[in-house]
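The chains referred to below are lettered A, B, ... by the order of the sequence lines, with proteins before strands, and numbering in each begins at 1.
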2 protein chains.
Amino acid sequence: MAAVRRSSRATIRDVARHARVGIATVSRALNDDPGIAPATRARVLAACETLGFRRSSLARGLKLGATDNIGVAIMSRHAPVILNPFYAEVIGGIEEVLEDAAKHLLISSLKRGDDLLELASEGRVDGLLVVGCDVAPQVLAQLRDAALPVVLIDNAFDGITSVVIDHHGAGRQAGRHLLAGGGTRFAFVAENLENPNFRARLGGFRSALQEAGSQLSPEAVAAGGDSWDGGFVAMQRVLSALATPPDAVFAANDPAAMSALRAVRERGLRVPDDVALLGVDDIHLAAHHVPPLSTIAFDKRGLGRTGASHLLGRLAGHDVPALTVLATELVVRETSRSGDGAR
Amino acid sequence: MAAVRRSSRATIRDVARHARVGIATVSRALNDDPGIAPATRARVLAACETLGFRRSSLARGLKLGATDNIGVAIMSRHAPVILNPFYAEVIGGIEEVLEDAAKHLLISSLKRGDDLLELASEGRVDGLLVVGCDVAPQVLAQLRDAALPVVLIDNAFDGITSVVIDHHGAGRQAGRHLLAGGGTRFAFVAENLENPNFRARLGGFRSALQEAGSQLSPEAVAAGGDSWDGGFVAMQRVLSALATPPDAVFAANDPAAMSALRAVRERGLRVPDDVALLGVDDIHLAAHHVPPLSTIAFDKRGLGRTGASHLLGRLAGHDVPALTVLATELVVRETSRSGDGAR
DNA sequence: CTGTTAGCGCTTTCAG
DNA sequence: CTGAAAGCGCTAACAG
């Protein structure tokens, strides 16, 4: 009899009327409240079905003070960030755990710190995963004091749950590997030397070298600019600054390594015979590069997974570690030689 | 004097009290209502500032019936979908236009059609972008009848605004290119032959071949399975089914093309001298492959951008085209030869 | 077991 | 120009 409501969605009140119960009963049926007669519940559920009723997440959220949305904020001054394969992997890991928890993913790539603070205080999300280290300290400080649970991914800040990669350790690993491969004249190339992660990698590299009595001369460290061929330019600089070319170069990341490799070859040097080359990231391309690139891999998915589960933990009121450091793994392919072969 | 509220956020009422006005006035100030004295507005805004007040998007949404959230649903039975570089590009395009419109992106990779319908009717989003063709017709039918504006990306359905790639046209382009390069014995390899897009590509390929009086024998069409080496397996099948190997093969996508290439080489055939090979997608790897892969490119970002702006248009009450077909572009690299060279 | 009622925080008539 | 009050759809006391 009753005409089917086409447009404006049915509300809990419509269902109540249809099932001849009070709205509280409908709510109870929907929330699996134990104190409800099975027959009544069935009737209510049937009414929901025929009316095509679905709870408004807005009204529910307003009442409960929660949305089941988790914000993923990726700070970047550069263009759409999902395109960065690194972030894509991290997000994949996040998604993996949020899906199991039936949370929704609200993704924003933000340019300004204010946008982040707004997202944090609008009530649009129950918690925030902030990815990347491109966010100002004072913004982080405000975030720390916010009511909203926040976890930092690939960034650390005192007072905020943080999950990071051991960039310093990666640098040490690189140093030891290049040393073991017989390297004696070292270099470090990067797109820039401001990125805190790059600096940490460089720091670790230096420390491993020093332990072995080697070192990195100032001319052997270069930045080539944040573009496609930053590594290329950096490598050229090193090559022209040094009297003798290096025989072991560590690049701050895989793209830099690949483009540095071109510079090395243009100079007539062979890889890995004349110079060993090592990147960081293990991007997908690395394995398919010619020659396959030696690199230091880290678990990007795991970064996302860990961050997400820590956030979920905080939302559930659990204690979670303030700082989690994820280890890296050396992947020797064909731009460097393992120590064994060199002996 | 008043202690700063640390936890539970300030509400519009707190601001009203602080600014000694009514809550309606606060609301007006926040919404840039013209009918408000500049002095009052300033006072209210100042109060917001000192209290660190931000409107609850939930309450606002409940009242206004809108959330400023746009859902992006990616249907896939397989694992986290953001990892698929194709989707990542599409999402990048979507993000690009939604960001300008100050909309938030709610991303869900869904396995079941029901999840999609739930997302569509919970009121969590104002509109829905459904990406990919892995969604059941009856689900689409329900979506069509929903109150929520929906646009399909890389999928078409009668009655729903759709944005697609001209897969058939891509197949035709492939056929003509391979023909022009001197091909005479053609083959088509894919991971599967069920995917509607793959079928459309095959259909276009066939039609171009037929126009030229050529054709594709049944043994020259093979699927190798949805795995890493589906193209490899498919190519092997073709190679062993045919008395004479083909000299021009069209792969349903780039990964299939790359892995088919391995099979061709294992058979001792050279590319492109003995056999020309062409993929579809122009994935990032294609240009960096050895040899660089000829392929048919399409504007994945544009797909996302177009879909998103159509959705925005619908939300704004504008008319938008029911179906938009995006053209593809042939990219000749080193696994095939352009017609000129062959003559 | 079930119904009535009071808000969650906001926007928006409707009166001043 | 500003305030009081109603109500968006839901959940959670509180009574029956």
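- Legend: salt bridge (Lys or Arg N to Asp or Glu O under 4.0 Å) pairs involving residues 121-133 of chain A, not counting sequence neighbours, sorted by first then second residue: E122(A)-R124(A).
- Of all nucleotides in DNA chain C, those with any atom nearer than 4.0 Å to a heavy atom of chain B start and finish, going 5' to 3', at dG9(C) to dT12(C).
- Map G35(B) and L62(B) each onto its nearest nucleotide of DNA chain D; the residue landing nearer the 5' end is G35(B).
- Residues V44(A) and R28(A) have side chains not in contact (no heavy-atom distance under 4.5 Å, counting atoms from C-beta outward).
- For the salt bridge (Lys or Arg N to Asp or Glu O under 4.0 Å) test, residues two or more places apart in sequence or in another chain that qualify with D115(A) are R112(A).
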Any N/O pairs under 3.5 Å between the protein and nucleotides 11-13 of chain D? List them or say none.
from    : atom 1 : to     : atom 2 : distance (Å)
dT11(D) : OP1    : R55(A) : NH1    : 3.2
dT11(D) : OP1    : R60(A) : NE     : 2.6
dT11(D) : OP2    : S27(A) : OG     : 2.9
dT11(D) : O2     : K63(A) : NZ     : 3.3

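- The CZ atom of R9(A) sits 12 Å away from the C1' atom of dC10(D) (whole-angstrom rounding).
- Distance R17(B) CZ to dT2(D) P: 19 Å, rounded to the nearest Å.
- Looking at V90(A) and D154(A), their side chains never come closer than 4.5 Å, going by heavy atoms from C-beta outward.
- Between the side chain of D145(B) and the backbone N or O of Q142(B), no donor-acceptor pair lies under 3.5 Å.
- Applying the 6.0 Å contact sphere to CZ of R144(A) captures more than 12 heavy atoms from other residues, nucleotides or ligands.
- Remark: P of dG9(D) and CG of L51(A) are 14 Å apart, rounded to the nearest angstrom.
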Expected list for residues 314-324 of chain A: side-chain donor-acceptor pairs under 3.5 angstrom, two or more places apart:
from    : atom 1 : to      : atom 2 : distance (Å)
R314(A) : NH1    : V150(A) : O      : 3.4
R314(A) : NH1    : T161(A) : OG1    : 3.4

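- Sequence neighbours left out, the pairs with a member in residues 48-69 of chain A that pass salt bridge (Lys or Arg N to Asp or Glu O under 4.0 Å) are D68(A)-K103(A).
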